[in-house]
Amino acid sequence: MSNKVKINLLGLATIFCWSVSFPLSKVAMQHFSPYSLGFLRVCIASATLLIIGRVTGSRLPKKEDIIWLFLAGFCGFGGYLFVFNKGILTLTSASSSIIIALTPVMTAVVAHHLYKERINYLGWIMLGTAFSGVLVMMLWDGVLSINYGMFWTLGAAVLFCMYNHLNRMLVRRGYKAIEIVTYGMISASVILLPFSIKGIQEVMYASYKMIFILIALGIICSAIAYFLWSCALSMTKNTSEVTNYSFLTPLFATLLGSAILGETPNMGTVLGGAIIITSIVIFSLKGKEQI
């Protein structure tokens, strides 16, 4: 299996795992508060990643890199989950995922300046076309309502853009994917520690269904998803080759929202999804240059 195929498979698997988190988070917040949900989710993810790291031989972080790992934990997990959960309280799964789909555009622009990653004219056109697919989904029947949740979710997209580049930097400093995610997730647990007491109280009174959803969010949507994402980023020479898969999130999130929450996909989802998938395929094949 070629390196390119591995990157594509890792990107697709990650986006699917993350897409599950949109409807599951809405269900979980029928019982958990957005703050305690974030804390509990990163704690479960941290325990899972420590086990994986034990098996794969993770190394301790260098003292000079602790601040960068802590910052990555804030941008990718602690701060991200805080604002993500706040935003999705008042948005549908589709609406939230649409705003998060801004992340690859931000990431591509920053990578263009930081790492001199060249995206040719066709690549920029495909990024714009992919986002136009997002807009088709957004505007088809007015699914995206203007409320404060939009701004919280936009903040989540900005934070995740920052995480993508911190991840890339830490890879260049010699860290393995499992190490970056593990220490970042542990840092997030420390950041969200003020919500631990309420989180424990809510777990004590949670139903088996809510406990199952919480575990799924922690293991599948956090630990496994972020590990696969970091693996993909560590294997590519061009950040956009991985992050462009984020454009698939609205399609997956809408379909999963339909299955889990009964949100019925419309023709906008079908048409927008087709535009997004086509754009990503062309971008992956023809849209990138290396210098």
Hey, does [Y] have a side-chain heavy atom less than 4.5 Å from the side chain of [X]?
X: R168; Y: L233; result: no
X: I215; Y: I211; result: yes
X: T278; Y: M126; result: no
X: K209; Y: V27; result: yes
X: T129; Y: S132; result: yes
X: Y175; Y: T182; result: no
X: L214; Y: L37; result: yes

When you check the side-chain N and O atoms of E202 and S36, is any donor under 3.5 Å from an acceptor? yes
Side chains of D65 and Y183 only: does a donor on one sit below 3.5 Å from an acceptor on the other?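 There is no such pair (donor and acceptor under 3.5 Å, judged by atom type) between the side chains of D65 and Y183.
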Heavy-atom count check: over 12 atoms from other residues, nucleotides or ligands less than 6.0 Å from K176 NZ?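 Check passes, neighbour count above 12.
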Please indicate whether I197 has more than 12 foreign heavy atoms, meaning atoms of other residues, nucleotides or ligands, lying under 6.0 Å from its CD1. no
How long is the gap from [atom1] on [X] to [atom2] on [Y], to the nearest 0.5 Å?
X: F22; Y: L256; atom1: CZ; atom2: CG; answer: 10.5 Å
X: F32; Y: N85; atom1: CZ; atom2: CG; answer: 11.5 Å
X: L12; Y: I15; atom1: CG; atom2: CD1; answer: 8.0 Å
X: L69; Y: E64; atom1: CG; atom2: CD; answer: 10.5 Å
X: L24; Y: I213; atom1: CG; atom2: CD1; answer: 6.0 Å
X: F160; Y: T103; atom1: CZ; atom2: OG1; answer: 7.0 Å

Under the side-chain contact (heavy atoms from CB on, under 4.5 Å) criterion, do L10 and M235 qualify, and how do the steps go? CA-CA 10 Å; L10 288 169; M235 293 170 64; 3.6 Å; yes
According to a 4.5 Å side-chain heavy-atom criterion applied to Ile, Leu, Val, Met, Phe, Trp and Tyr, with indirect links allowed, do I67 and M169 form part of one hydrophobic cluster? yes
Determine whether L60 and V171 fall in the same hydrophobic cluster, where Ile, Leu, Val, Met, Phe, Trp and Tyr are linked whenever their side-chain heavy atoms lie under 4.5 Å apart.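 Per the 4.5 Å side-chain linkage, L60 and V171 are co-clustered.
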Looking only at heavy atoms, what is the nearest atom pair of [X] and [Y], with distance?
X: L192; Y: G78; value: CD2-O, 3.8 Å
X: L40; Y: G199; value: CD1-O, 3.7 Å
X: P23; Y: I260; value: CG-CD1, 3.8 Å

The test is side-chain contact (heavy atoms from CB on, under 4.5 Å); show your working for K62 and R173 and say whether it passes. CA-CA 10 Å; K62 302 172 185 176; R173 293 174 79 92; 6.0 Å; no
Any donor and acceptor pair, going by atom type alone, linking the side chain of [X] with main-chain N or O of [Y] inside 3.5 Å?
X: S21; Y: W18; result: yes
X: E179; Y: P61; result: no
X: K26; Y: I88; result: yes

Would you please test Y245 and F16 for ring pair (Phe, Tyr, Trp, His ring centres under 6.0 Å) and show each step? CA-CA 10 Å; Y245 277 101; F16 178 79; over 10 Å; no
Name of the residue among F39, F77, F74, Y35 meeting ring pair (Phe, Tyr, Trp, His ring centres under 6.0 Å) with F82: Y35
Donor-acceptor contacts under 3.5 Å from residues 220-231 side chains, at least two apart:
residue : atom : partner : partner atom : Å
S222    : OG   : R41     : NE           : 2.6
S222    : OG   : L217    : O            : 3.2
Y226    : OH   : G76     : O            : 2.8
W229    : NE1  : N164    : OD1          : 2.9
S230    : OG   : Y163    : OH           : 3.4
S230    : OG   : N167    : ND2          : 2.7
S230    : OG   : Y226    : O            : 3.3

Using a 3.5 Å cut-off and no angle test, enumerate the donor-acceptor pairs between side-chain atoms of residues 44-57 and protein atoms at least two apart in sequence or in another chain.
residue : atom : partner : partner atom : Å
S46     : OG   : V42     : O            : 2.7
S46     : OG   : M185    : O            : 3.3
S46     : OG   : S189    : OG           : 3.3
T48     : OG1  : I44     : O            : 2.9
T56     : OG1  : I52     : O            : 2.9
T56     : OG1  : G53     : O            : 3.4

Residues in side chain to side chain donor-acceptor pair (under 3.5 Å) contact with T14, at least two apart in sequence or another chain: none
What do the steps show when you test I100 against Y80 for side-chain contact (heavy atoms from CB on, under 4.5 Å), and what is the final call? CA-CA 11 Å; I100 293 296; Y80 173 82; 3.9 Å; yes
The test is side-chain contact (heavy atoms from CB on, under 4.5 Å); show your working for I191 and F70 and say whether it passes. CA-CA 9 Å; I191 293 168; F70 191 84; 3.5 Å; yes
